[in-house]
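Source: prediction; values computed, not measured. Each chain gets a letter, A, B and so on, in the order its sequence line appears, and its residues count up from 1.
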Amino acid sequence: MTKEEERTDFIREFVKEDLAEGRFEEVCTRFPPEPNGYLHIGHAKAININYGIAEDFGGEFNLRFDDTNPVKEEIEYVEAIKKDIRWLGADWEDREFYASDYFEQLYEYAVQLIKKGKAYVDDLSADEIREYRGTLTEPGKNSPYRDRSVEENLDLFERMRAGEFPNGARVLRAKIDMTSGNINMRDPVMYRILHEEHHRTGDEWCIYPMYDFAHGQSDSIESISHSLCDLAYEAHRPLYNWFLEELEIFHPRQIEFARFNLSYTVLSKRYLGRMVEEGYVDGWDDPRMPTLAGMRRRGYPPEAIRAFMDEVGIAKNESIIDFALLEHHIRQNLNQHAPRRMGVLNPLKVVITNYPEGKTEMMEFVNNPEDESAGTRMVPFSRELYIEREDFRENPSKRFWRLGPGREVRLRYGYFIKYEDHVKDEDGEVVEVHCTYDPETRGGYAPDGRKVRGTLHWVSAAHALDAEVRLYDRLFFMRNPLDVEEGEDFVENMNPDSLTVLPNRKVEPSLADAKPGEVFQFERRGYFCVDPDSTADNLTFNRTVTMRDTWKRIEKRLRQQKKR
RNA sequence: UGGGGAGUGGUGCAAUGGUAGCACAGCGGCCUUUGGAGCCGUUGAUCCUGGUUCGAGUCCGGGCUCCCCAGCCA
């Protein structure tokens with residue numbers, strides 16, 4: 001067994017130190033999504049880090065929904081999130097928690113702080129609180145309600161819970177320091193009144209804790225050793241620590257890392273949600289979406305996403321990762337695992353004039369040259385075939401190795417065929433190519449040792465299945481779609497041609513019983529995944545990713561040379 | 001002009017005072033029954049500026065640029 005190179009990064013270094021110094025005895029991490037949207041590739045990084053570190057150090061990994069705001073959260077999202085995490089391969093075993101499980105305990109903690117004189121009920125309105133908070137450069141000032149007695153605070157807080165006050169009437173705040181340079185420390189709100197049905201606790205509560213008052217304590221309750229989160233929470237760490245210290249409870253260590261961006265897309269639940277709501281895409285699981293649900297539907301293997309995450313690494317640098325790196329990992333995985341099939345996206349009819357009419361022979365095709373155990377399959381060959389329209393040219397250049405006047409090419413696992421003639425319609429469009437085959441070259445080998453440069457994929461016209469093929473392109477034109485001029489909207493950077501639907505394309509008969517979610521390589525064309533919409537009457541494939549296309553690059557260069 | 005972070009090839013990540021390396025992308029070649037895959041080679045970087053040191057991407061001083069924080073969102 002080859003020993004995997006030890007992953008290391010600054011977080012793992014910290015964890016190692018903490019263990020060595022006895023700060024923690026065992027490692028426990030968590031992934032804390034808010035159930036207010038679907039998970040995207042950015043979340044995969046957080047999952048990968050948290051799950052990976054627990055795994056590396058023999059610790060535990062918890063799933064905890066951060067469901068402290070009933071106005072935004074829905075059960076639909078918790079189900080979708082669980083499905084996505086499971087699909088990615090992170091296992092939280094039986095440790096599925098909810099911040100709402102801790103509402104009673106959190107309430108007790110709040111009471112403790114009130115008794116300590118560290119929290120108070122404030123009657124200021126939201127606007128007033130904002131005014132009193134000061135600005136980035138000016139200190140805030142104390143609320144006139146800041147020095148209420150413990151008894152009064154206790155009474156008021158109890159009545160807040162009892163539902164005596166309307167939304168917004170009062171809040172519970174921590175009593176810290178209104179002059180702090182860190183705005184998060186200027187008496188942050190701990191509880192607000194929200195007469196709102198919660199997806200788990202129903203109408204049991206009408207006050208709900210804020211993130212800052214819920215997250216650290218939830219970590220503590222679960223004995224999380226390392227609370228790993230994104231850089232945005234760096235400024236919250238002093239507050240995270242403050243609550244834990246004042247409460248004198250188990251104190252996890254919060255460590256922040258940078259999240260990343262993917263080029264030519266956006267990664268934020270808010271913007272992705274907008275794209276769904278405003279109909280720019282067909283839903284959270286649209287295969288163009290950088291959501292995990294979208295990528296699953298697109299055919300991205302979870303293993304490839306994890307390998308990609310590992311390579312992206314962990315740092316505190318804000319980055320925009322090249323989409324090409326993701327695609328590299330998709331291709332690398334699929335090249336190993338995806339069975340090969342024949343699919344013709346732009347069919348052009350070829351007639352083998354010297355092949356008997358009505359004859360069909362079965363040719364043996366290799367299922368995966370990268371994996372001998374994948375075996376072979378039989379594919380019908382006959383007189384009339386479809387090849388790819390771009391595999392024929394009337395005036396081919398010498399760099400073009402495919403079919404054209406005077407050319408001989410190989411039909412993959414079929415025969416060598418030689419050009420005879422071609423016919424056009426009244427618009428000058430080539431509609432048929434006539435060729436002759438060499439019976440000696442069955443399977444694609446020439447007994448006389450003669451070479452042909454080009455090898456084409458094909459399907460037998462009489463046996464081919466019709467299929468709808470959906471091609472996807474980048475959702476946005478710009479590397480960073482959010483980099484817009486003042487007053488402009490990121491949706492203006494959307495690519496109107498990110499989806500192309502090709503009806504009635506031709507695929508080989510063995511694809512008749514392909515199941516939704518299965519991914520195949522259509523040789524020379526790319527990887528294609530059976531869409532959940534697919535039916536026996538309307539086979540539907542999503543293009544996962546194209547093949548690397550060296551020829552396209554060569555042509556581009558030739559064109560540029562011609563221009564000069 | 002408060003507080004907190006970050007600056008290494010085109011992109012991302014390493015180098016923990018001692019030869020700036022890896023991956024992707026690019027470029028060139030070999031090979032090939034996928035112009036795929038594979039293999040080989042190659043271009044290209046330490047934000048600026050002083051200092052410490054035999055030696056600085058790394059340590060110290062000054063500056064510059066970028067990001068985050070003024071929700072009763074998370």
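- Under the Watson-Crick and G-U wobble criteria, each requiring two contacts below 3.5 Å, nucleotide rG2(B) is paired to rC69(B).
- The side chain of Glu370(A) has rA37(B) as its nearest neighbour among rU34(B), rG7(B), rA37(B).
- Within the shown strands, rU49(B) is the pairing partner of rG61(B) under the Watson-Crick or G-U definition, both distances less than 3.5 Å.
- By the 6.0 Å and 45° rule, Arg253(A) stacks over the aromatic ring of Phe14(A).
- Toward the 5′ end of RNA chain B lies the nearest nucleotide of Ile321(A), the other residue of the pair Thr441(A) and Ile321(A) mapping further downstream.
- Pro369(A) comes within 4.0 angstrom of a nucleotide base, judged by non-hydrogen atoms across all strands.
- Spacing of P atoms, rC39(B) relative to rG18(B), comes out at 32 Å, to the nearest Å.
- Both the sub-6.0 Å distance and the 45° axial angle are satisfied by Arg474(A) relative to the ring of Tyr264(A).
- Atom-to-atom, NZ of Lys45(A) to P of rG12(B) comes out at 11 Å; the value is rounded to the nearest Å.
- Inter-residue side-chain proximity for Cys529(A) and Phe541(A) is flagged as unmet; no heavy-atom pair is nearer than 4.5 Å.
- In this structure, Arg393(A) places its CZ atom 12 Å from C1' of rG35(B), rounding to the nearest Å.
- One atom, CG of Asn480(A), and another, P of rG10(B), lie 18 Å apart when rounded to the nearest Å.
- Centroid-to-centroid, the aromatic rings of His198(A) and Phe103(A) come within less than 6.0 Å.
- A distance of 11.5 Å separates CD of Glu234(A) from CZ of Phe257(A), quoted to the nearest 0.5 Å.
- Note: CD1 (Ile320(A)) to C1' (rG9(B)) measures 17 Å, nearest angstrom.
- Remark: the Asp371(A) side chain and the Ser373(A) side chain contain an N/O donor-acceptor pair separated by less than 3.5 Å.
- Looking at Gln521(A) and Tyr527(A), their side chains do bring a donor and an acceptor atom within 3.5 Å of each other.
- Arg306(A) is linked by a salt bridge (charged side-chain N to carboxylate O under 4.0 Å, His left out) to nothing, counting only residues two or more places apart in sequence or in another chain.
- Across all strands shown, rC24(B) forms a Watson-Crick or G-U wobble pair, both distances under 3.5 Å, with rG10(B).
- Residue Tyr413(A) is in base contact, counting any heavy-atom pair closer than 4.0 Å across all strands shown.
- A cation-pi geometry, defined here as NZ or CZ lying under 6.0 Å from the six-membered ring centre and within 45° of its normal, holds between Arg170(A) and Phe165(A).
- Rounded to whole Å, the C1' atom of rC27(B) lies 15 Å from the corresponding atom of rG9(B).
- The nearest whole Å value for the distance from the CZ atom in Phe520(A) to the C1' atom in rG36(B) is 18 Å.
- Annotation: rC66(B) and rU8(B) have their C1' atoms spaced 16 Å apart (nearest Å).
- Under the Watson-Crick and G-U wobble criteria, each requiring two contacts below 3.5 Å, nucleotide rC31(B) is left unpaired.
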Can you check each nucleotide of nucleotides 24-32 of chain B against protein heavy atoms at under 4.0 Å and return B for base, S for sugar-phosphate only, - for none, in 5' to 3' order?
S-SSS---B
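- Of the P atoms belonging to rG10(B) and rA74(B), the separation is 42 Å, rounded to the nearest Å.
- A distance of about 37 Å separates the P atoms of rC31(B) and rG12(B), rounded to the whole Å.
- Regarding contacts with the backbone of rC66(B), every side-chain N or O of Asn317(A) stays at 4.0 angstrom or more from both OP1 and OP2.
- Phe243(A) has its ring centre less than 6.0 Å from the ring centre of Phe213(A).
- If you check every strand for non-hydrogen atoms under 4.0 Å, Glu256(A) touches nothing.
- Listed by first and then second residue, the salt bridge (Lys or Arg N to Asp or Glu O under 4.0 Å) pairs that reach into residues 318-329 of chain A are Glu327(A)-Arg331(A), sequence neighbours excluded.
- Taking the C1' atom of each, rG55(B) and rG17(B) are spaced 8 Å apart, rounded to whole Å.
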Using the 3.5 Å cut-off, write out each protein N or O paired with an N or O of nucleotides 14-18 of chain B and the distance between them.
{"residue": "rA14(B)", "atom": "OP1", "partner": "Ile314(A)", "partner atom": "O", "Å": "3.3"}

Give the table of side-chain donor-acceptor pairs shorter than 3.5 Å for residues 181-189 of chain A, with sequence neighbours excluded, one pair per line with atom names and distance.
{"residue": "Asn182(A)", "atom": "OD1", "partner": "Asn184(A)", "partner atom": "N", "Å": "3.0"}
{"residue": "Asn182(A)", "atom": "OD1", "partner": "Asn184(A)", "partner atom": "ND2", "Å": "3.1"}
{"residue": "Asn182(A)", "atom": "ND2", "partner": "Ala235(A)", "partner atom": "O", "Å": "2.9"}
{"residue": "Asn184(A)", "atom": "ND2", "partner": "Ala235(A)", "partner atom": "O", "Å": "3.1"}
{"residue": "Arg186(A)", "atom": "NE", "partner": "Arg133(A)", "partner atom": "O", "Å": "2.9"}
{"residue": "Arg186(A)", "atom": "NH1", "partner": "Ser180(A)", "partner atom": "O", "Å": "2.5"}
{"residue": "Arg186(A)", "atom": "NH2", "partner": "Arg133(A)", "partner atom": "O", "Å": "3.1"}
{"residue": "Arg186(A)", "atom": "NH2", "partner": "Thr135(A)", "partner atom": "O", "Å": "2.6"}
{"residue": "Arg186(A)", "atom": "NH2", "partner": "Glu138(A)", "partner atom": "O", "Å": "2.9"}
{"residue": "Asp187(A)", "atom": "OD1", "partner": "Arg146(A)", "partner atom": "NH2", "Å": "3.1"}
{"residue": "Asp187(A)", "atom": "OD1", "partner": "Ile176(A)", "partner atom": "N", "Å": "2.7"}
{"residue": "Asp187(A)", "atom": "OD1", "partner": "Asp177(A)", "partner atom": "N", "Å": "3.4"}
{"residue": "Asp187(A)", "atom": "OD2", "partner": "Tyr120(A)", "partner atom": "OH", "Å": "2.6"}
{"residue": "Asp187(A)", "atom": "OD2", "partner": "Arg146(A)", "partner atom": "NE", "Å": "2.7"}
{"residue": "Asp187(A)", "atom": "OD2", "partner": "Arg146(A)", "partner atom": "NH2", "Å": "3.4"}

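- For Ser180(A) and rG3(B), the shortest distance from a side-chain N or O to OP1 or OP2 is not below 4.0 Å.
- Using P as the reference atom, rG57(B) and rA20(B) are 9 Å apart when rounded to the nearest Å.
- Spacing between atom CD of Glu138(A) and atom P of rG3(B) amounts to 14 Å, rounded to whole angstrom units.
- Contact annotation: Arg402(A) side-chain N/O to rG35(B) OP1/OP2 distance is not under 4.0 Å.
- Atom pair Asn335(A):CG and rC39(B):P shows a separation of 11 Å (rounding to whole Å applied).
- If you check rG17(B) for Watson-Crick or wobble pairing at under 3.5 angstrom, you find it has no partner at all.
- The side-chain tip of Arg161(A) points at the ring of Tyr107(A) from less than 6.0 angstrom away and within 45° of straight on.
- Against the 90° criterion about 0, the sugar-base torsion of rG4(B) places it in the anti range.
- Side chains of Glu73(A) and Asn36(A): no donor on one and acceptor on the other come within 3.5 Å.
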Sugar-phosphate or base contact per nucleotide [nucleotides 67-74 of chain B; S, B, -; heavy atom under 4.0 Å]:
S-BBSBBB
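- Atom CE of Met178(A) is separated from atom C1' of rG2(B) by 14 Å (rounded to the nearest Å).
- In this structure, Phe323(A) reaches neither bases nor backbone, as no heavy-atom distance under 4.0 Å exists between it and the strands shown.
- Residue side chain Arg340(A) reaches the base of rU34(B) through a donor-acceptor N/O pair under 3.5 Å, judged by distance alone.
- Donor-acceptor pairing under 3.5 Å is lacking for the side chains of Tyr208(A) and Glu196(A).
- When Watson-Crick and G-U wobble pairs are counted only if both distances are under 3.5 Å, rG55(B) pairs with no nucleotide at all.
- If you take atom P in rU16(B) and the same atom in rA25(B), they sit 28 Å apart, rounded to whole Å.
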